[in-house]
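Let me begin by presenting the structure, written as structure tokens, before commenting on it.
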Amino acid sequence: MDLLALADFNLVARHGGFGRAARATGRPKATLSRRVAELEGSLELRLFERGARTLKLTQEGRALFERTGALLTEIDETAAAIASGGDRPRGRLRISAPLLFSQTAMGRLAAGFALKYPEVRVEVTTEDRSVDMVEEGYDLVIRVNPARDENLVGRILLRDRLVVVASPGLARPADGSPVPAVVRGAGDRTAAWEVAGTAGRSSIAIDPVLALSSLVMVRDAVRAGVGAGRLPISLVSGDLAAGRLVHWGDVEGPAIELWALYPSRRLLSARVAAFLDFLREAFPKGTPDELAAFIG
């Protein structure tokens with residue numbers, strides 16, 4: 001198999017089209033098209049479905065892309081390390097991170113890492129969905145309580161917990177009647193929040209008056225006094241200390257764990273290892289207090 005043609009096929013597959021791959025890499029579009037056609041001819045397989053305006057991988061093309069993309073990346077990284085006389089972090093680092101962590105911490109983290117390792121080009125995508133690291137070309141993903149995946153390995157970055165908070169002007173009903181609440185997402189149909197406090201366990205009946213898509217938005221609305229909210233302690237500890245919010249109890253349920261994950265079948269590159277070390281330096285204990293202090 002022609003490795004140059006295979007590399008060009010991966011470029012086109014990764015960028016989703018010949019024109020996009022040509023613009024991203026500076027390679028002539030005609031050359032990429034010819035190389036892919038030669039690869040298809042040598043394999044006697046059609047790797048792309050070509051439409052008037054769309055280009056889509058066939059089943060065989062997707063299988064080839066998934067199996068060869070990581071290998072070609074490792075070959076490039078090995079060659080670059082040898083050429084540079086060492087295995088220092090360099091190249092592109094693609095990270096997928098959840099919305100809240102991106103909004104509150106990833107900007108400063110990425111900037112600090114870029115200053116420390118100027119030869120690494122960091123790209124951070126914000127999304128809460130589960131991504132296919134190999135197919136979508138990510139080097140590292142950060143996820144909250146991820147499902148077990150035998151193809152991924154990683155480490156816990158941070159632990160957090162949910163609390164119910166409200167502005168000082170909003171009283172918790174003594175008779176158990178519903179309290180105005182700000183919830184995350186229109187699909188939150190919870191009728192009550194189960195909490196634990198100094199007086200023991202209790203249930204808080206809620207009447208959702210606002211449904212917002214971001215926890216930062218929920219916090220801001222709770223600060224404004226429109227209702228109580230269920231939020232990570234790291235996001236509101238400053239408000240609690242300053243008296244802008246009051247604590248109604250800890251939400252019962254599993255702990256919140258933020259994981260940094262990477263493919264188990266891929267050799268750990270210098271840039272991924274360096275970013276993992278950078279995260280460990282930023283949050284050595286992985287506690288909510290550390291994250292709250294970092295957020296400031």
Side-chain angles (χ1 to χ4, degrees), residues 70 73-74 76-77 80-81 84 86-162 214-216 219 231-238 254-296:
T73 298
E74 290 181 17
D76 288 341
E77 291 173 355
S84 66
D87 196 20
R88 69 176 184 266
R90 60 186 301 172
R92 186 177 68 163
L93 177 63
R94 296 196 70 226
I95 301 170
S96 171
L99 177 62
L100 180 61
F101 190 68
S102 296
Q103 290 177 325
T104 57
M106 274 304 295
R108 285 180 57 199
L109 287 169
F113 186 79
L115 290 171
K116 187 174 182 179
Y117 299 102
E119 293 184 80
V120 179
R121 296 293 177 262
V122 182
E123 299 177 10
V124 179
T125 301
T126 297
E127 51 200 348
D128 288 326
R129 68 180 179 89
S130 178
V131 301
D132 187 319
M133 293 191 63
V134 175
E135 181 178 343
E136 299 181 49
Y138 287 109
D139 300 294
L140 185 75
V141 297
I142 298 173
R143 284 294 175 268
V144 177
N145 292 356
R148 290 183 60 86
D149 188 333
E150 62 182 12
N151 296 317
L152 300 178
V153 294
R155 63 183 63 150
I156 296 177
L157 169 62
L158 287 161
R159 289 182 172 86
D160 212 337
R161 71 180 193 275
L162 287 177
S214 160
L215 288 174
V216 172
R219 180 201 60 187
L231 291 160
I233 185 66
S234 62
L235 189 61
V236 295
S237 60
I256 301 173
E257 295 179 343
L258 195 69
W259 284 73
L261 304 165
Y262 52 91
S264 59
R265 297 179 183 177
R266 184 182 300 173
L267 293 176
L268 189 61
S269 68
R271 61 182 180 273
V272 173
F275 194 79
L276 289 172
D277 289 340
F278 190 79
L279 291 175
R280 188 188 296 111
E281 292 170 5
F283 310 109
K285 297 179 180 179
T287 63
D289 289 342
E290 284 184 334
L291 180 56
F294 187 87
I295 293 172

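Every value quoted in this text rests on a predicted model; they were computed, and no experiment measured them. Atoms considered below: every heavy atom in the structure, side chains included; atoms not considered: hydrogens, waters and symmetry mates.
Counting only distance, with no hydrogens or angles, the side chain of D128 and the backbone of P98 share no donor-acceptor pair below 3.5 Å.
One finds no salt bridge joining E257 and R155 here, because no Lys/Arg side-chain nitrogen approaches an Asp/Glu carboxylate oxygen to under 4.0 Å.
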Worksheet entry | Intermediate values then yes/no, side-chain contact (heavy atoms from CB on, under 4.5 Å), L162 and I233 | CA-CA 6 Å; L162 287 177; I233 185 66; over 6 Å; no
Worksheet entry | Criterion side-chain contact (heavy atoms from CB on, under 4.5 Å) on Y262 and L152, from CA distance to verdict | CA-CA 5 Å; Y262 52 91; L152 300 178; over 6 Å; no
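For the pair S130/R143, no side-chain contact is recorded, criterion being any heavy-atom separation below 4.5 Å from C-beta on. Looking at I256 and V144, their side chains come closer than 4.5 Å, going by heavy atoms from C-beta outward. The shortest distance between side-chain heavy atoms of L279 and L109 falls below 4.5 Å. Annotation: side chain of Y138 is not in contact with side chain of I95 (no heavy-atom distance under 4.5 Å). Looking at heavy atoms from C-beta onward, R271 lies out of side-chain contact with Y117 at the 4.5 angstrom threshold. Side-chain contact between W259 and L157: absent, with no pair of heavy atoms (C-beta onward) separated by less than 4.5 Å. Put simply, the side chain of P232 reaches to within 4.5 Å of the side chain of L215, judged on heavy atoms.
Atoms CG and CG, from D160 and L291 in turn, are 6.0 Å apart once rounded to the nearest 0.5 Å. Separating the CG atom in L235 from the CD1 atom in I295 is a distance of 6.0 Å, to the nearest 0.5 Å. Taken to the nearest 0.5 Å, the CG atom of L99 stands 5.0 Å off from the OG atom of S214. Taking CE from M106 and CZ from F113, the interatomic distance works out to 10.0 Å, rounded to the nearest 0.5 Å. Atom-to-atom distance recorded for L258:CG and F101:CZ is 5.5 Å, nearest 0.5 angstrom.
Not counting sequence neighbours, R219 has no partner by the salt bridge (charged side-chain N to carboxylate O under 4.0 Å, His left out) test. Considering only residues two or more places apart in sequence or on other chains, E119 meets the side chain to side chain contact (heavy atoms under 4.5 Å, CB included) condition with R88, R90. R121 meets the salt bridge (charged side-chain N to carboxylate O under 4.0 Å, His left out) test with no other residue; sequence neighbours excluded. Residues passing the side-chain hydrogen bond (donor to acceptor under 3.5 Å, both in side chains) test with R129 are E127, E136, sequence neighbours excluded.
Screening residues 94-110 for salt bridge (charged side-chain N to carboxylate O under 4.0 Å, His left out) gives R94-E123 as the qualifying pairs, with residues at least two apart or on separate chains. Under the salt bridge (charged side-chain N to carboxylate O under 4.0 Å, His left out) criterion, no residue pair touches residues 282-296, with sequence neighbours excluded.
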